[in-house]
Amino acid sequence: MAQVSVRINGRSYDVACDDGQEERLINLAQYVDERVREIAGAVGQIGEQRLLVMTSLLIADELGDVHEKLRSRQTMAAPEPGSVSAAEGDAIAENMESMAVRIEAIAQKLSQD
């Protein structure tokens, strides 16, 4: 098992992950760090625990929106059980592209700091 050190809100955390998943974990941590910084910028440093809880809820809300969109598209398309409709595939591709763009932007911001 691999171990990666990530920084979130200025603090380092050592996190274990499966071998080969290090880059993904780093990208995810950068995304979380960006969201934490956004919230901290909006409400100030309100304590590490509360800040991380608020960030977790924000990310969970984003994920919930994506799930809801996928469910509504599934209902409209009604594909065969176990198959992915073209609309679902397009939605997944759009979401993945959007996340990739956001992750790249975060990475660029962090490399400039």
Side-chain angles (χ1 to χ4, degrees):
M1 211 166 222
Q3 181 118 0
V4 177
S5 181
V6 298
R7 289 188 73 78
I8 297 175
N9 199 31
R11 294 186 84 180
S12 290
Y13 297 91
D14 293 327
V15 182
C17 64
D18 290 334
D19 291 332
Q21 293 296 312
E22 297 89 349
E23 186 175 337
R24 177 169 170 72
L25 180 59
I26 289 167
N27 289 336
L28 291 170
Q30 289 172 341
Y31 177 74
V32 170
D33 184 57
E34 176 69 21
R35 303 307 293 195
V36 167
R37 289 176 188 263
E38 286 176 22
I39 292 173
V43 299
Q45 288 291 339
I46 55 173
E48 192 78 18
Q49 185 176 7
R50 179 171 271 184
L51 197 55
L52 291 176
V53 167
M54 289 179 70
T55 302
S56 297
L57 291 171
L58 177 68
I59 293 171
D61 184 50
E62 292 172 354
L63 182 61
D65 288 345
V66 170
H67 280 265
E68 204 171 291
K69 286 177 186 174
L70 284 174
R71 269 189 240 115
S72 69
R73 289 181 183 194
Q74 285 175 343
T75 302
M76 291 191 314
E80 291 182 29
S83 67
V84 176
S85 70
E88 265 182 56
D90 290 346
I92 291 169
E94 284 177 18
N95 287 329
M96 289 176 70
E97 286 177 12
S98 174
M99 292 295 275
V101 168
R102 290 167 79 178
I103 288 170
E104 287 173 4
I106 291 166
Q108 286 178 348
K109 286 180 185 177
L110 289 174
S111 67
Q112 292 173 358
D113 291 341

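One finds the CZ atom of R73 at 10.0 Å from the CD1 atom of I92 (value rounded to the nearest 0.5 Å). Note that CZ of R37 is 6.5 Å distant from CG of N9, once rounded to the nearest 0.5 Å. Note: D33 CG to I8 CD1 = 6.5 Å, rounded to the nearest 0.5 Å.
Smallest separation of non-hydrogen atoms from L51 and G44: CD1-O, 4.5 Å.
In this structure, the side chain to side chain contact (heavy atoms under 4.5 Å, CB included) partners of R7, at least two apart in sequence or on a different chain, are S12. Every side chain to side chain contact (heavy atoms under 4.5 Å, CB included) that Q21 has, sequence neighbours left out, goes to C17, D18, R24. Residues meeting the side chain to side chain contact (heavy atoms under 4.5 Å, CB included) test with V15, sequence neighbours left out: V6, Y13, L25.
E22 contributes a side-chain N or O that, together with a main-chain N or O of G20, makes up a donor-acceptor pair within less than 3.5 Å. Judged by distance alone, with hydrogens and angles left aside, the side-chain atoms of D19 form a donor-acceptor pair with the main-chain N or O of A2 at under 3.5 Å.
Side-chain contact between V4 and E23 is absent, with no heavy-atom pair separated by less than 4.5 Å.
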Could you pull out every donor-acceptor pair under 3.5 Å between side chains of residues 56-69 and any protein atom, sequence neighbours left out?
| unit_1 | atom_1 | unit_2 | atom_2 | d |
| --- | --- | --- | --- | --- |
| S56 | OG | L52 | O | 2.9 |
| E62 | OE1 | Y31 | OH | 2.3 |
| E62 | OE2 | Y31 | OH | 3.4 |
| E62 | OE2 | R35 | NH1 | 3.3 |
| E62 | OE2 | R35 | NH2 | 2.8 |

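At a threshold of 4.5 Å between side-chain heavy atoms, the hydrophobic network of Ile, Leu, Val, Met, Phe, Trp and Tyr places I26 and L28 in two separate groups.
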